[in-house]
Amino acid sequence: MPKLICKTRISYLAINLVLISRLALDSSAVRAAATKTSHPSSVRLNTPQPSTPLEHNNRGVELGQKGLWPQAIHEHELALIADPNNQQFRTNLSAAQLRYGDLLSGRKDFYNAIKQYHGALYADSGNLPADEHLDECLKHLGKNPFDLKTRLSMGENAEISGEYEAAIVEYRKCTHISDSGETHARLGQVLLKAGKVVDAFNELKIAVAKPWEDKDQNDLAACHRQLGDILHQYAYIARDSGRGTIGMKRLANAAIEYRRAATINPLDTNAIRGLIEVTRDAIAINPSFDNHLMLAGAYQLSGDLAHARLEYEQCFKLNPSNPVLNAARRSFWMAIVHSPSAPADLLASTLQKIQTALSSSPDDAELLYLLARAKESQGSKEEALKYYQKALSINPHVNPDLALGIARLTGNQPTTQKSVQPVAEEVPNRMIFTAVENKMQAGDLDGAQKDLLTLLDKNPKNAHAWLLLGNTHERKGDLDQAEVAYRQSRNLGDVEAAAALRQIGTSRVQPMMQEADKAMEKKDWVKAAACLREALSIGPDLSFVHRKLAEVLRQEGDTREADQEMEKATALELPSVNKK
């Protein structure tokens, strides 16, 4: 039952909940809304006519005790609107909606009962009876409450109808049925629509840390872009409140998220536009070499090569000896020779610079490829073929377009002499990795990260580069970013990444595991399960967490879900068993 709160003492429940923030109303607006609710004239009420949040809460409790649930719910809503951080008001509203839902369900009015249960769970996501009774209503309607497609469909229908509270409840249920990137992304996105920005950010962070199938990579890119949008927005908030350092860090993190989105989906123009905007903002605060280099890369991604050249020139003025410039310069040349719309003067000046670079490195296969592609773009087919073939004799795998370039000019697929050994990209990459590892050993983590990001801009599918990037983030204490990088490395096939993911996951979940152990000692199975579920949101691949959750669920009597958790644990351990 909802609790009547004395004026001299307000009690709060110690429950870790997702807070609900509604638009705050001033006292006059609350009173105006209250006048719209009428009570049966035959009902005698002892509480005073409410004019404060506490009085609205107490009036709601009294109405509930008399079985007037719609009126009680309205009063509890007014109390929570006026004091949205009051946990007891939230619990009372959820309890009232649960009781009204039970009343409607008893009358077999299942559809309206579901609406009340949705409201109860939106107000208090830990209201387990509301969750169970909602499932029962769905069973009465011939639906399987544990079927992911059923709950996703309910969430989608509610979202399309603008019923964001119901959609949030349904998508949250989906995350319990399937702890996947897709379900957390759905929940995060509808939370964003409902104005729950902080909660949305947390769900999207969980989403991008999950494994994603190749066919869903564009959806993953969208999650990174939305994280970038949120960080960008909150960077302004920090800046305007005088917290410039925090604002700058958020801008940098927003740029990272936009870059990830654009790397995964190069056609995501909104991500590229966001990257340009945040980098401009960063330059306005600090016109450093790194910020100008980031803006140059953003313009390059967008295809605005003229502005990219200006930014690279600015980088050269600021720090002409910076070793990152060489890799950035080659990346820019690659973009120019591949662009069908590159201005003729820019192509000509780039060709001249490539030739100058070749004069000191005549056997550089990548430079020879760039020169050939530039010559081909200018229409000099014979010269282009000559340089393509020379590049082929040195390194036939220097660029995927090398073979295609020869085929375009000759009409035949190229063949290599048997004496030519395929070198691929491993040799230059190995040199970069050695330099990165030397910087990491020397403590220059920022320098190592810059080199790795430059390499990943050029080849975002380099699994070992993602692994090393995860190492740098882990050493800097940024475990969220480390986990994302390790997961990307694992998805691309690096065998060391899985162990790194398990190690970082184990470290991050230790506080929650300790809390779960304490709760288990006290036989507080509900709290133990909550701690373990929180641990799994961070480390979904940790089999020992799934096993412990299965143990707790059996103590609660939920054998079905306990069996599911045990199956997950076994599936995660099978690869290591097979290796033995």
Side-chain angles (χ1 to χ4, degrees), residues 192 197-202 204-205 208-209 221 223-263 268 270-302 304 307-308 310-319 322-325 327-328 439-440 443-457 469-485:
L192 202 56
V197 181
V198 175
D199 293 339
F201 183 83
N202 292 333
L204 290 170
K205 287 289 284 185
V208 298
C223 290
H224 281 296
R225 171 171 43 78
Q226 287 162 333
L227 285 169
D229 290 341
I230 294 170
L231 286 163
H232 195 184
Q233 173 190 350
Y234 274 71
Y236 290 142
I237 293 172
R239 180 199 63 186
D240 295 342
S241 62
R243 296 173 295 157
T245 303
I246 294 175
M248 194 66 190
K249 184 176 181 180
R250 286 175 179 169
L251 283 176
N253 288 335
I256 290 171
E257 295 298 339
Y258 284 134
R259 182 190 294 275
R260 285 175 177 160
T263 300
D268 191 336
N270 289 328
I272 296 171
R273 189 181 305 113
L275 179 58
I276 291 173
E277 289 177 1
V278 297
T279 313
R280 282 175 174 168
D281 292 340
I283 288 174
I285 299 171
N286 179 18
S288 65
F289 172 91
D290 290 341
N291 287 337
H292 278 289
L293 184 65
M294 192 190 311
L295 184 56
Y299 278 131
Q300 185 175 318
L301 278 172
S302 71
D304 188 347
H307 278 100
L310 294 176
E311 291 301 321
Y312 282 126
E313 289 173 352
Q314 188 65 31
C315 291
F316 186 79
K317 292 177 183 177
L318 290 169
N319 190 351
N322 194 304
V324 176
L325 269 179
K439 288 183 179 181
M440 291 171 67
D444 184 11
L445 298 177
D446 289 336
Q449 284 187 347
K450 291 173 188 173
D451 291 351
L452 290 167
L453 288 171
T454 299
L455 175 59
L456 287 168
D457 274 343
L469 184 61
N471 291 161
T472 63
H473 283 306
E474 186 174 1
R475 293 190 187 189
K476 292 175 76 172
D478 192 345
L479 299 185
D480 286 340
Q481 301 288 1
E483 185 175 5
V484 171

Exercise. After noting the C-alpha distance and the side-chain angles of Asn319 and Leu325, does the key distance pass the side chain to side chain contact (heavy atoms under 4.5 Å, CB included) rule?
Worked result: CA-CA 9 Å; Asn319 190 351; Leu325 269 179; 5.8 Å; no

Exercise. Listed by chain and number, what are the side chain to side chain contact (heavy atoms under 4.5 Å, CB included) partners of Ala254, not counting sequence neighbours?
Worked result: Leu231, His232, Tyr258, Val278

Exercise. Side chain to side chain contact (heavy atoms under 4.5 Å, CB included) with Asn286: which residues, sequence neighbours excluded?
Worked result: Met248, Ser288, Asn291

Exercise. Which pairs, with at least one residue in residues 250-262 and sequence neighbours excluded, count as a salt bridge (charged side-chain N to carboxylate O under 4.0 Å, His left out)?
Worked result: Glu257-Arg260, Arg259-Asp457

Exercise. Salt bridge (charged side-chain N to carboxylate O under 4.0 Å, His left out): which pairs involve residues 279-291, sequence neighbours left out?
Worked result: Asp290-Lys450

Exercise. Who pairs with Gln449 by side-chain hydrogen bond (donor to acceptor under 3.5 Å, both in side chains), at least two apart in sequence or on another chain?
Worked result: Thr472, His473, Lys476

Seminar exercise, completed: Taken in chain and number order and not counting sequence neighbours, the residues that satisfy side-chain hydrogen bond (donor to acceptor under 3.5 Å, both in side chains) with Asn270 are Arg273

Would you name the heavy atoms of [X] and [Y] that are closest together and state the gap between them?
X: Pro287; Y: Leu318; result: O-CD1, 3.9 Å
X: Ile272; Y: Leu301; result: CD1-O, 3.8 Å
X: Leu469; Y: Ala485; result: C-CB, 4.3 Å
X: Ala261; Y: Asp268; result: CB-OD2, 4.4 Å
X: Gly247; Y: Ala235; result: O-CB, 3.5 Å
X: Ala296; Y: Ala308; result: O-CB, 3.6 Å

To the nearest 0.5 angstrom, please state how far the [atom1] atom of [X] sits from the [atom2] atom of [Y].
X: Leu227; Y: Leu204; atom1: CG; atom2: CG; answer: 5.0 Å
X: Ile246; Y: Leu251; atom1: CD1; atom2: CG; answer: 12.5 Å
X: Ile237; Y: Arg243; atom1: CD1; atom2: CZ; answer: 8.0 Å
X: Thr245; Y: Ile285; atom1: OG1; atom2: CD1; answer: 10.0 Å
X: Leu192; Y: Asp229; atom1: CG; atom2: CG; answer: 8.0 Å
X: Leu445; Y: Asn471; atom1: CG; atom2: CG; answer: 10.0 Å

Exercise. Do other residues, nucleotides or ligands put more than 12 heavy atoms under 6.0 Å from Phe316 CZ?
Worked result: no

Problem set entry | Working for side chain to side chain contact (heavy atoms under 4.5 Å, CB included), residues Leu310 and Gln314 | CA-CA 6 Å; Leu310 294 176; Gln314 188 65 31; over 6 Å; no

Problem set entry | Pairwise side-chain contact, Val198 with Tyr234, heavy-atom cut-off 4.5 Å (strictly under) | yes

Exercise. If we only count heavy atoms from C-beta on, is the His307 to Leu295 side-chain gap below 4.5 Å?
Worked result: no

For this session: Run the numbers on Ile276 and Asp304 for side chain to side chain contact (heavy atoms under 4.5 Å, CB included), then give the verdict.
Result: CA-CA 11 Å; Ile276 291 173; Asp304 188 347; over 6 Å; no

